[in-house]
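Quick notes on the structure that follows.
The chains referred to below are lettered A, B, ... by the order of the sequence lines, with proteins before strands, and numbering in each begins at 1. All of these numbers come straight from a predicted model, not from anything done at the bench.
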Amino acid sequence: MQVYNTLTRRKEPFVPLHPPRVGIYLCGPTVYKPSHIGHMVGPVIFDVIKRYLTYCGYEVTLVINITDVDDKLIAESHRRGIPMAELAREMTEDYFHNLEALGVDTVDHFPRATEYIPAMIQYIQKLIDRGYAYVSGGDVFFDVTRLPGYGKLSNRTLEQMQGEGGEAAARKRSPHDFALWKSAKPGEPSWESPWGPGRPGWHIECSVMSQHLLGQPFDIHGGGLDLVFPHHENEIAQAEGYAGEPLARYWLHNGLMRAADETGKVGGRHTRPLGEESAEAQAAAKISKSTGAQPFRQLLERFSPEAVRLLVISTHYRSPILFSDQELHRQEERLQRFYRYFQRFEQITGQSFYQLEAPTRRTEGELDPGQSELLQHVAQLRRRFLAHMDDDFNTAGAIGVLFELLHELNRFVQQHQLETRPDPDRVEELRRATVVLRELSGVLGLFRRPVQPKAQAGDQLAQQLIQLLVDLRAQARKEKNFALADQIRDSLGQLGIRLEDRPQGTTWTIEQKKGG
RNA sequence: GGCGCCGUAGCCAAGUGGUCUAAGGCAGCGGAUUGCAAAUCCGCCAUCCCGGGUUCGAAUCCCGGCGGCGCCUCCA
């Protein structure tokens, strides 16, 4: 297994520091506004990474931090006239709600910055004692010139930096120094410290909390590409100044989500509608009546969480993802292919796909295909899937293999006419092959539970009425009254109820709500 | 200005020195099946931004263009 390490700018073999244990720290959100789709990228990717490492036999601890004290939180709480803590609670709840919808349930700890204030103060004091930080007018700054390696993660030198130092520049020795502790202005939430009342700077929480929960150094540190500088660079500076050894061994950064109708990343400072220059993008903007930065909750009213998960992992994690309604619809279509097969499978075997017991460990999933041509193919596809995942978590390639596997299963059903004349041995072959689909899709966090029909299937009465119409139509077809049969099908189709005449009878499904 | 990433079919997207006359999906086209559909199956649908170079061999490496994107102090 190899992973791309931002620190070295190349792929390296993945070797944990203390196998089988693996520690992962991912930078989470600042909870001052409802989270948007961009905030979901990291959690979904690292959810998959943890699932895969666990599947490979590692014991993984995954930490995502919650930044609940920060300038933007203060500004927003003033604007809304509520305490910062209340704002943070509300927005953290929103964040958790979204993660749950997406099936991100592998996170072991969600440490909050405000729970670590005393630890941060101690940490900062030690940095001062060791000469890496200095006090200046109630603020404490990190002196970047004291750490020779500063800039190694983002591959830049102090000379190359153009920053002016911001509003605190006058109190800094160098404009590139960054705040460890900020003194409180009147009306701002604050904590007592040796340097007067104030609050921690942005970066210090991650160094402190990761060390507390995972130790130092730990294995994998993740985050969005936009955090490489300054956030992660500064985390490294603090941690190395504090402990004299590296913070993390592998640095993994995910690409950013972009809205098709805007430039720049979703929710970024520089987002603006595209100008006249791009007619194509303008067309895309028309299709998408949304901007990417809309609250994720709103997006979930129009698209299934599983489509969002599929969108996120259909691109290699280091690449940017282009986001639009059209793209999300496409993912819904892709999912339907699997859902239809699950239905087919259940009709043939009488068993729900979702109830199949699949191996949860890579070594347990080795197949013995015997003479079965199907299982031989499936074993090969499984190997290709794992090879993709072993190569820097190439989920996009792995999903391609999943579709090939699906195709293989459908073909088998077709070839052996399992829907009309099921041969028990063939059905058992199919079942064993489908278990592999369950096993591999589970690694990606896909198809873990039956989908909730997006448009509620209605109450029992509605279902009975639909069934009544389907039965009437069956009668009409029997009598060759196709005009009437087609009218029923078309009319129900208008209502979003799709009928399919299959060998075993007619099935009906309620189509996904359309967002466009 | 500095650092870095990217440019593969109508669209999305794997592949990064030979098994690539390039995976998978969406859309489209032909056929099987169907009363007609839907679904499924079979088949079709790209020579990899442009120009040089290295190599027996390049989508894959190097150089030069053109185009897109990110970061350069608080943004996942």
Side-chain angles (χ1 to χ4, degrees), chain A residues 6 9 26-30 35-43 45 64 67 70-72 151 154-157 159-166 168-169 172 175-179 182 201-203 222-231 233-234 253-258 263-270 280 284 310-311 314-316 318-322 324 326-327 329-331 333-334 336-337 340-341 343-344 384 388 391 394-404 406-407 410-415 419 477 480 482-483 485-486 489-490 493 498-503 506-507 509:
Chain A
T6 306
R9 286 180 290 286
L26 174 69
C27 284
T30 301
S35 41
H36 59 249
I37 189 167
H39 293 120
M40 300 298 125
V41 176
I45 288 166
I64 301 182
T67 301
D70 162 274
D71 291 359
K72 282 181 302 193
S154 54
N155 190 32
R156 64 190 76 192
T157 61
E159 294 73 49
Q160 288 169 340
M161 298 180 196
Q162 290 193 320
E164 316 258 308
K172 295 181 181 179
H176 311 304
D177 291 349
F178 58 90
K182 295 176 158 188
W202 177 33
H203 318 293
L225 263 169
D226 53 349
L227 296 184
V228 174
F229 189 91
H231 184 54
E233 199 70 71
N234 292 351
H253 289 99
N254 60 268
L256 306 178
M257 182 77 77
R258 267 186 70 213
T263 65
K265 68 191 173 188
V266 166
R269 275 180 293 168
H270 305 300
E280 258 172 285
L310 188 58
L311 174 68
S314 285
T315 302
H316 184 92
R318 277 189 281 121
S319 302
I321 308 170
L322 204 59
S324 68
Q326 187 194 17
E327 206 42 58
H329 277 302
R330 207 170 280 175
Q331 304 308 325
E333 292 303 320
R334 271 150 65 92
Q336 289 302 325
R337 288 183 55 112
R340 279 187 225 109
Y341 173 73
Q343 216 169 22
R344 230 179 162 193
R384 283 177 51 208
H388 274 123
D391 183 11
N394 186 351
T395 52
I399 286 168
V401 175
L402 230 45
F403 274 96
E404 289 182 61
L406 176 68
H407 187 251
N410 269 321
R411 189 229 289 265
F412 190 78
V413 170
Q414 187 93 355
Q415 266 178 354
E419 285 184 297
R477 289 179 69 211
K480 308 253 184 247
F482 295 120
D486 291 350
R489 185 174 61 199
D490 293 346
R498 185 160 72 189
L499 302 193
E500 292 180 23
D501 298 328
R502 307 194 143 262
T506 300
T507 66
T509 47

Open item on the list: Measuring only between side-chain heavy atoms, which start at C-beta, is A:Thr67 closer than 4.5 Å to A:Pro29?
Closed with: no
Using atom [atom1] of [X] as one end and atom [atom2] of [N] as the other, report the distance to the nearest whole Å.
X        : N      : atom1 : atom2 : answer
A:Phe178 : B:rC75 : CZ    : C1'   : 17 Å
A:Arg318 : B:rC5  : CZ    : P     : 10 Å
A:Phe229 : B:rC72 : CZ    : C1'   : 6 Å
A:Asp226 : B:rC69 : CG    : P     : 17 Å
A:Phe412 : B:rC41 : CZ    : P     : 14 Å
A:Arg330 : B:rA27 : CZ    : P     : 9 Å

Task: Plane angle bin for A:His203 and A:His231 - parallel if under 30°, tilted between 30 and 60°, otherwise perpendicular - done: tilted
Looking across every strand, which nucleic acid part, if any, lies under 4.0 Å from [X] by heavy atom: base, sugar-phosphate, or nothing?
X        : result
A:Asn234 : nothing
A:Met257 : base
A:Gly28  : sugar-phosphate
A:Thr30  : sugar-phosphate
A:Arg340 : sugar-phosphate
A:Pro43  : nothing
A:Glu500 : base
A:Gly400 : base
A:Gly42  : nothing
A:Leu499 : base
A:Leu256 : base
A:Phe403 : sugar-phosphate

Show the distances under 3.5 angstrom between N or O atoms of the protein and N or O atoms of nucleotides 32-35 of chain B.
| unit_1 | atom_1 | unit_2 | atom_2 | d |
| --- | --- | --- | --- | --- |
| B:rG35 | O6 | A:Arg477 | NE | 3.2 |
| B:rG35 | N1 | A:Asp486 | OD1 | 2.8 |
| B:rG35 | N2 | A:Asp486 | OD1 | 3.3 |
| B:rG35 | N2 | A:Asp486 | OD2 | 2.5 |

So, is [X] close to the [N] phosphate, meaning a side-chain N or O under 4.0 Å from OP1 or OP2?
X        : N      : value
A:Arg411 : B:rC42 : yes
A:Asn394 : B:rG15 : yes
A:Lys72  : B:rC75 : yes

Open item on the list: Check this for me: does any side-chain nitrogen of one of A:Arg384 and A:Glu404 sit under 4.0 Å from a carboxylate oxygen of the other?
Closed with: yes
Task: Basic-acidic side-chain contact under 4.0 Å: A:Arg330, A:Glu333 - done: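 Salt bridge absent between A:Arg330 and A:Glu333.
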Open item on the list: For the OG atom of A:Ser154 and the CG atom of A:Leu227, what is their distance to the nearest 0.5 Å?
Closed with: 12.0 Å
Task: Test side-chain hydrogen bond (donor to acceptor under 3.5 Å, both in side chains) applied to A:His316 - qualifying residues, sequence neighbours left out - done: A:Asp392
TODO: Please state whether the base of B:rC69 and the side chain of A:Arg258 form at least one donor-acceptor pair under 3.5 Å?
DONE: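 Absent.
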Open item on the list: Let me spell it out: for each of A:Arg384 and A:His407, pick the nucleotide of RNA chain B with the closest heavy atom. Which residue's pick is nearer the 5' end?
Closed with: A:Arg384
- [ ] With RNA chain B as reference, determine whether A:Arg334 or A:Asn155 sits nearer its 5' end, using the nearest nucleotide of each.
- [x]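 Looking at RNA chain B, the more 5' nearest nucleotide goes with A:Asn155.
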- [ ] Kindly write out the residues that satisfy ring pair (Phe, Tyr, Trp, His ring centres under 6.0 Å) with A:Phe403, not counting sequence neighbours, or none if the list is empty.
- [x] A:Phe338
Open item on the list: Can a side-chain donor-acceptor contact be found between A:Arg340 and A:Gln343 if the only test is distance below 3.5 angstrom?
Closed with: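 Short answer, no.
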Task: Side-chain donor-acceptor contact under 3.5 Å, A:Thr30 with A:Asp70 - done: no
Taking atom [atom1] in both [N] and [M], what distance in whole Å separates the two?
N      : M      : atom1 : answer
B:rA46 : B:rG28 : C1'   : 15 Å
B:rC20 : B:rC44 : P     : 16 Å
B:rU33 : B:rU19 : P     : 38 Å

